[in-house]
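Note sheet for the following structure.
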Amino acid sequence: MAKRALINREEKRRKTVEKFAAKRAGLEAIIGDFSRSEEERFEARQKIQTLPRNASPVRLRNRCQLTGRPRGVFRKFGLARGKLRDFVMRGEVPGMTKASW
């Protein structure tokens, strides 16, 4: 089980990313629009740098919904490999079976 503080930090980051998503998207659109003047694009770059670091979606980390484990997480299930294996072995994931050849 991951420390509760790490799980809470990740949740706080998700909220921050969601809060600044529209503003960030607008600024990125200006930066990527080559029909705009160089000064406008430069100002947009400076404004995007003033946003909080945690407003960047790159800083998010996928974590297991049950344990909070940061590595080995399957996106489709939201579970770490160990917990996913437990569920599959108990037959709780429809359509998945242990590989055998």
Side-chain angles (χ1 to χ4, degrees):
M1 187 75 176
K3 289 183 180 177
R4 194 77 216 153
L6 298 178
I7 295 170
N8 290 340
R9 182 189 305 160
E10 193 64 34
E11 186 59 35
K12 185 177 176 184
R13 279 188 183 146
R14 288 194 187 283
K15 289 178 184 174
T16 307
V17 167
E18 188 178 320
K19 178 180 175 183
F20 287 97
K23 187 173 186 178
R24 186 174 190 82
L27 291 172
E28 286 176 352
I30 292 171
I31 292 169
D33 186 5
F34 291 102
S35 65
R36 294 188 182 247
S37 69
E38 195 64 35
E39 292 79 25
E40 274 184 303
R41 294 173 59 220
F42 182 74
E43 286 175 22
R45 276 191 215 103
Q46 287 189 327
K47 286 180 184 176
I48 210 166
Q49 288 177 351
T50 62
L51 294 178
R53 280 186 176 183
N54 287 336
S56 174
V58 172
R59 292 176 66 95
L60 293 177
R61 181 78 187 200
N62 289 338
R63 287 188 175 267
C64 177
Q65 296 294 317
L66 297 177
T67 63
R69 180 181 166 87
R71 296 182 180 208
V73 177
F74 286 77
R75 289 181 188 168
K76 185 174 182 178
F77 303 102
L79 297 172
R81 57 187 172 79
K83 287 296 175 183
L84 181 61
R85 183 177 188 273
D86 291 343
F87 283 120
V88 170
M89 292 301 200
R90 283 187 268 158
E92 296 178 10
V93 181
M96 284 190 76
T97 57
K98 184 178 177 192
S100 175
W101 57 91

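Between Asn54 and Lys12, the closest side-chain pair of non-hydrogen atoms is not below 4.5 Å. Arg63 has its side chain out of reach of Arg69: every pair of non-hydrogen atoms, C-beta onward, lies at least 4.5 Å apart. The shortest distance between side-chain heavy atoms of Leu60 and Val17 falls below 4.5 Å.
The pair Lys15-Glu18 does not count as a salt bridge, with every side-chain nitrogen at least 4.0 angstrom from each carboxylate oxygen.
Expressed to the nearest 0.5 Å, how far CZ of Arg85 lies from CZ of Arg90 amounts to 11.5 Å. Note that the NZ atom of Lys76 and the CG atom of Leu84 stand 10.5 Å from one another [nearest 0.5 Å]. A distance of 10.5 Å separates CZ in Arg13 from CZ in Arg53, rounded to the nearest 0.5 Å. Taken from CG in Asn62 to CD in Glu10, the straight-line distance is 8.0 Å, to the nearest 0.5 Å.
Under the 4.5 Å side-chain heavy-atom criterion for grouping Ile, Leu, Val, Met, Phe, Trp and Tyr, Leu66 is connected to Phe74 within one hydrophobic cluster. Linking Ile, Leu, Val, Met, Phe, Trp and Tyr residues whenever their side-chain heavy atoms come within less than 4.5 Å leaves Val93 and Met89 in two separate clusters. Leu79 and Met96 fall within a single hydrophobic cluster, where Ile, Leu, Val, Met, Phe, Trp and Tyr are joined by side-chain heavy atoms under 4.5 Å apart, directly or via other members.
The minimum heavy-atom distance linking Ala80 with Cys64 is given by the pair N-SG, 3.3 Å. Here the closest heavy-atom approach between residue Arg61 and residue Arg14 is recorded as O-NH2, 3.2 Å.
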Could you list the donor-acceptor pairs under 3.5 angstrom formed between side-chain atoms of residues 20-34 and any protein atom two or more places apart in sequence or on another chain?
unit_1 : atom_1 : unit_2 : atom_2 : d
Asp33  : OD1    : Ser35  : N      : 3.2
Asp33  : OD1    : Ser35  : OG     : 2.6
Asp33  : OD2    : Ser35  : OG     : 3.3
Asp33  : OD2    : Arg36  : NE     : 3.4

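Crowding of Arg45 atom CZ: a count of heavy atoms from other residues, nucleotides or ligands under 6.0 Å exceeding 12.
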> Between Lys83 and Asp86, is a side chain to side chain contact (heavy atoms under 4.5 Å, CB included) present by the stated rule, with each step listed?
Replying inline: CA-CA 5 Å; Lys83 287 296 175 183; Asp86 291 343; 4.1 Å; yes
